[in-house]
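For this chain, numbers begin at 1 and follow the sequence in order.
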Amino acid sequence: NSIQFDFPTTGTAAIIKQDGNVGIGTTSISSALSSSNKTLKIEDDDGADIRLVHTGGIDFTLGVTNSNTAYIWNAGSHNIIFGTAGTERMRITSAGNVGIGTTSPSKLLHVKTAGVDARIYSEDTSGTMILGQSVNADVWSTANTAMRFATNNTQRMTITSSGNVGIGTSTPSAIVEIKDAAAAAPGTALKVHSVQNSAAADGLVFIHSEQSLAPFTALNVRQDGNGD
């Protein structure tokens, strides 16, 4: 037995089967609610939602608020899983950790891949910034802008778009420029330490190679203080 709602021109509009299953626009009902090319719309001035509750404790809600905010909400201590092509792609654990490529994220964001690059990729009109690992570990910018490195919310090193590296300066005028900006007292701007036991070991060597002849050493400072 069933209750059926029909219209003369469009045929069956809705049907309620004896087992409680409901069909909208279809008489082939295979679940609690079946629809054929129809849109289910729930509307209210105070917001609306669809709530799915399992007697085991899962309480899941998909809805909108009266302030035009859409939300996905899991009130229970359970995971939310996202998948495509029948495969899990991402999950949010009950602790709030997000896992991409892993079902057990141990950090706030845990990305795991097998055989492919794991990268954070940002793109805008001025270029792209890539952090990650391909064959080598990459920190890569395609934009014609400088790359800055900072600690304690203070800029420490700059690589300009032309490739100059500045330590202690944001405008290096040479391939490498090191500047000690401390004004209170003189400090050590560059320190080279060699662990070689030989007194004649080279501690710092500059080699001039832009010659048609064999490269030659322009400056050599040995550990014993001698050198050219």
Side-chain angles (χ1 to χ4, degrees), residues 31 33 39-44 46-172 176-179 181:
S31 58
L33 178 62
T39 300
L40 176 63
K41 182 178 181 180
I42 302 175
E43 183 176 357
D44 189 86
D46 292 327
D49 56 53
I50 298 175
R51 185 178 177 186
L52 306 176
V53 180
H54 186 270
T55 54
I58 297 177
D59 190 345
F60 179 80
T61 304
L62 175 66
V64 294
T65 68
N66 57 4
S67 59
N68 296 321
T69 299
Y71 64 90
I72 298 174
W73 192 268
N74 186 356
S77 298
H78 305 280
N79 302 329
I80 297 178
I81 299 174
F82 302 84
T84 61
T87 302
E88 179 179 335
R89 306 300 184 183
M90 184 179 76
R91 72 167 50 199
I92 304 174
T93 68
S94 58
N97 290 347
V98 177
I100 301 176
T102 176
T103 59
S104 55
S106 58
K107 303 297 180 182
L108 192 60
L109 176 60
H110 186 164
V111 180
K112 182 179 180 180
T113 64
V116 295
D117 296 345
R119 296 187 173 188
I120 299 174
Y121 187 89
S122 176
E123 183 175 1
D124 57 26
T125 56
S126 61
T128 60
M129 176 67 185
I130 301 173
L131 300 175
Q133 182 168 342
S134 52
V135 177
N136 302 307
D138 294 333
V139 179
W140 192 277
S141 174
T142 63
N144 187 25
T145 56
M147 185 179 295
R148 300 180 297 174
F149 300 84
T151 62
N152 196 26
N153 203 32
T154 302
Q155 184 173 333
R156 307 298 186 183
M157 185 175 76
T158 300
I159 303 176
T160 67
S161 59
S162 61
N164 289 352
V165 178
I167 301 175
T169 176
S170 59
T171 56
V176 178
E177 181 176 348
I178 301 174
K179 181 178 181 181

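Distance CZ/F82 to CD1/I100: 10.5 Å, rounded to 0.5 Å. Atom CD1 of I80 sits about 9.5 Å away from atom CH2 of W73, to the nearest 0.5 Å. Atoms CG and OG1, from L52 and T61 in turn, are 7.5 Å apart once rounded to the nearest 0.5 Å. If you take OG1 on T103 and CE on M90, they are separated by 14.0 Å, rounding to the nearest 0.5 Å. Annotation: the span from N79 atom CG to E88 atom CD amounts to 8.0 Å, rounded to 0.5 Å.
Counting all heavy atoms, side chain and backbone alike, L108 lies closest to G96 at CD1-O, 4.0 Å. Looking at every heavy atom in both residues, T169 comes nearest to E177 through CG2-O, 3.9 Å. For the pair S77 and S94, the tightest heavy-atom approach, listed with the atom from each and the gap, is C-CB, 3.7 Å. The two residues H110 and P105 come nearest to each other via the heavy atoms ND1-CA, 3.4 Å. Closest approach of I81 to R91, counting heavy atoms only: CD1-NH2, 3.3 Å.
Here salt bridge (Lys or Arg N to Asp or Glu O under 4.0 Å) pairs that include residues 54-81, with residues two or more places apart or in two chains, are R51-D59.
Looking only at side-chain heavy atoms (C-beta outward), I50 and F60 stay at 4.5 Å or farther from each other. Side-chain contact between R156 and I167 is absent, with no heavy atoms from C-beta onward closer than 4.5 Å. Using a 4.5 Å cut-off on side-chain heavy atoms (C-beta onward), N144 and S161 make contact. Between T160 and P172 there is a side-chain heavy-atom pair separated by less than 4.5 Å.
Taking a 6.0 Å sphere around CG of N68, one finds it holds 12 or fewer heavy atoms contributed by other residues, nucleotides or ligands.
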* side-chain hydrogen bond (donor to acceptor under 3.5 Å, both in side chains) between R148 and T158, worked out -> CA-CA 5 Å; R148 300 180 297 174; T158 300; over 6 Å; no
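The main-chain N or O of G76 is found under 3.5 Å from a side-chain atom of N74 such that the two form a donor-acceptor pair. A donor-acceptor pair is defined here as one N or O able to donate and one able to accept, closer than 3.5 Å; such a pair exists between the side chain of T65 and the backbone of S67.
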